[in-house]
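Shown next, in structure tokens, is the structure this report addresses.
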Amino acid sequence: MWNGEQLIIDRPWCAGSAHLYGDGLVLVPSAFYWPSVAVMSAPYQSMVVYPVQGVGTLWEQGPPPAPDALAALIGRSRAQILTALAEPTTTSSLARRMSLSAGAVSQHLGVLSAGGLAVGRRLGKEVVYRRTPTGDALASTAA
């Protein structure tokens, strides 16, 4: 928990505190450390290893199943893409997962974005797409 001045990690079996001394804090997302966090401090670089969201789908192959009602409404490919956007991802990652061309996925994402169901944000050279609250509501009610 961040209280505005310090990061407090509640670990009853490990009492104590660590100071950064201007070296910063390295945050390390991990698919292999769950459900708690790991902490490393002096004499090493201070770091916190924390569990990432969406690990349950990390090794899944192929597109997620599209709910029939949603597929009937917006089409099976768009429904699968909207369902896959439960975790933010890129066009190329979706294309690999869906076994579609990047161009086809881009067109579907354009339609989903224009419909207010998805939104993209540029991060460096990539655009990461995620569902909007409206997309979340549509995907969850159709499931």
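Heavy-atom minimum distance, Leu70 versus Ala139: CD2-CA, 4.3 Å. Nearest approach of Arg131 to Asp136, heavy atoms of both residues: NE-OD1, 2.7 Å.
By the side chain to side chain contact (heavy atoms under 4.5 Å, CB included) test, Val48 is found to be paired with Leu7, Ile9, Leu25, Leu27, Val37, residues two or more places apart in sequence or in another chain being considered. Applying the side-chain hydrogen bond (donor to acceptor under 3.5 Å, both in side chains) test to Ser93 and every residue at least two apart in sequence or in another chain returns Thr89.
The distance from the CG atom of Leu82 to the OG1 atom of Thr132 is 8.0 Å, given to the nearest 0.5 Å. Rounding to the nearest 0.5 angstrom, the gap separating the OG1 atom in Thr91 from the CE atom in Met98 is 11.5 Å. Here Thr90 contributes atom OG1 and Arg97 contributes atom CZ; the two are 12.0 Å apart, rounded to the nearest 0.5 Å.
Under the 4.5 Å side-chain contact rule for hydrophobic residues, Leu94 and Val127 share a cluster.
Within the 4.5 Å cutoff, the side chain of Tyr50 has heavy atoms near those of the Pro29 side chain. Between Leu117 and Leu85 the shortest side-chain heavy-atom distance does not fall below 4.5 Å.
Taking a 4.5 Å side-chain heavy-atom cut-off between Ile, Leu, Val, Met, Phe, Trp and Tyr, the cluster of Leu123 extends to Val128.
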Please tabulate, for side-chain N and O atoms in residues 103-114, each donor-acceptor pair with protein atoms closer than 3.5 Å (sequence neighbours left out).
from   : atom 1 : to     : atom 2 : distance (Å)
His108 : ND1    : Arg78  : NE     : 3.1
Ser113 : OG     : Leu109 : O      : 2.9
Ser113 : OG     : Ala118 : O      : 3.4

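Sorted by first and then second residue, the salt bridge (Lys or Arg N to Asp or Glu O under 4.0 Å) pairs with a member in residues 115-126 form an empty list; sequence neighbours excluded.
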